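Working notes, structure below.
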Number of protein chains: 2
Amino acid sequence: MTIENFPNHELDVAELAMALEQMTRFMIRLPSVDKMSFTSLSVLHTLTLKSPLRLTELAATEQVTQSAITQLVTRLERDGLAERRADPKDGRVVQVHITPEGAKVIESRRDERIAGLGRYVDGLSLEQQQSIAAAIPALQRLAELGNGKQP
Amino acid sequence: MTIENFPNHELDVAELAMALEQMTRFMIRLPSVDKMSFTSLSVLHTLTLKSPLRLTELAATEQVTQSAITQLVTRLERDGLAERRADPKDGRVVQVHITPEGAKVIESRRDERIAGLGRYVDGLSLEQQQSIAAAIPALQRLAELGNGKQP
DNA sequence: CAATTTATATAAGTTACTGATATAATTGGC
DNA sequence: GCCAATTATATCAGTAACTTATATAAATTG
């Protein structure tokens with residue numbers, strides 16, 4: 001499979017994918033590395049988008065086993081970043097809630113990324129900045145589509 | 001630190017960061033998950049950009065210890081994805097070369113991302129696609145800046 | 001050329017995962 | 001309404017990938 005197999009867009013998808021790959025590679029290194037695992041950060045991030053979630057729902061989105069999520073949430077709970085609560089409707093279910101402290105972890109990492117990104121945006125020309133600014137709504141929409149949000 | 005602290009660009013950096021965060025969240029799930037670790041994939045990716053690299057150079061870019069890289073490269077070598085070679089100029093040094101098979105791992109994951117992304121790009125309007133297409137050169141430049149490339 | 005520095009390797013311990021299984025609550029057929 | 005099957009979470013044992021500390025070997029420096 002090569003670039004030539006994806007010609008049917010106004011947009012060169014392979015180029016977009018490569019550009020985003022390079023952006024990700026760059027941005028992933030911006031936040032100071034605390035010693036949280038990739039999966040723990042991803043779970044916290046998921047919970048900032050939607051909290052509470054069941055353990056099973058987390059296991060599905062994070063692509064790890066239910067056992068891993070049970071253990072992971074136990075660690076998050078121990079560290080005060082999330083809480084287990086019972087579901088009044090269904091006694092089997094554990095609802096995982098993010099705590100303010102847990103949300104702060106994600107927020108501060110985001111702020112670090114924003115600050116780091118800003119330093120490099122300064123190196124772009126006005127026209128370059130404007131072209132990116134003009135694309136943001138479409139990128140947001142694309143991410144919505146990819147993340148399974150309804151239109 | 002909040003959005004209001006970054007007003008000095010043509011571009012709302014916080015919005016860009018959020019949009020890229022959402023895009024990353026989406027694209028990271030596109031490739032079929034083989035059982036390689038995040039760090040191993042990252043090392044292979046780094047080696048597709050520049051090979052060979054010394055163990056020490058890899059340790060620096062990947063933000064893990066030298067010990068971890070030594071062990072990781074041993075696993076990559078065992079799996080035929082990378083090779084150690086001696087540096088003729090410096091007997092202490094090990095140069096890590098990516099193999100064709102190792103490059104194929106990264107390439108096939110990239111192809112999966114491109115294919116997955118393409119399916120969602122179809123859901124965008126022509127204007128949305130064009131706005132993203134127009135931003136790609138600027139995003140490439142921004143990624144270059146972030147990844148420390150010379151102008 | 002001895003002392004220091006640099007590059008990699010090894011050893012021991014820890015953490016975060018997987019797979020298999022256990023427990024408890026709910027649901028569905030009759 | 002009750003029992004079997006299903007669903008949701010937890011636990012246990014084992015493994016993989018990391019950490020820190022230390023060892024070894026080559027290069028540099030004074």
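Here the structure is a predicted model, which is why all the values come from computation and not from measurement. Chain A is the first sequence line, chain B the second, and so forth, proteins listed ahead of strands; every chain is numbered from 1.
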**Prompt:** Hey, are A:E107 and A:R110 close enough for a salt bridge, meaning a charged N less than 4.0 Å from a carboxylate O?
**Reply:** no
**Prompt:** Any Lys/Arg nitrogen of B:K89 or B:D87 sitting under 4.0 Å from an Asp/Glu carboxylate oxygen of the other?
**Reply:** no
**Opening and closing nucleotides of DNA chain D in contact with chain B, under 4.0 Å to non-hydrogen atoms** = D:dA17 to D:dA27
**Cluster companions of B:I28 among Ile, Leu, Val, Met, Phe, Trp, Tyr (side-chain spacing under 4.5 Å)** = A:F38
Side-chain ([X]) to main-chain ([Y]) donor-acceptor, under 3.5 angstrom:
{"X": "B:Q129", "Y": "B:V121", "result": "yes"}
{"X": "A:E15", "Y": "A:D12", "result": "no"}
{"X": "B:S40", "Y": "B:M36", "result": "no"}

**Message:** Short of 4.0 Å, heavy atom to strand atom, which residues of residues 84-95 of chain B count as contacting DNA chain D?
**Reply:** B:D90, B:G91, B:R92
**Asked** Which one of A:V43, A:L76, A:V73 satisfies the side chain to side chain contact (heavy atoms under 4.5 Å, CB included) criterion with A:V96?
**Response** A:V73
**Asked** For every nucleotide of nucleotides 15-21 of chain C, 5' to 3': is a protein heavy atom under 4.0 Å from its base (B), only from its sugar-phosphate (S), or from neither (-)?
**Response** -SBBBB-
**Request:** Determine, using the 4.5 Å side-chain heavy-atom cutoff (strictly less than), whether A:L117 and B:M27 are members of one ILVMFWY cluster.
**Result:** yes
**Item:** For A:Q71, all residues meeting side chain to side chain contact (heavy atoms under 4.5 Å, CB included), sequence neighbours excluded
**Value:** A:S67, A:R75
Please list every donor-acceptor pair under 3.5 Å in which a side-chain atom of residues 48-58 of chain B meets a protein atom from a residue at least two apart or in another chain.
{"residue": "B:T48", "atom": "OG1", "partner": "B:H45", "partner atom": "O", "Å": "2.5"}
{"residue": "B:S51", "atom": "OG", "partner": "B:I98", "partner atom": "N", "Å": "3.1"}
{"residue": "B:E57", "atom": "OE1", "partner": "B:R54", "partner atom": "N", "Å": "2.7"}

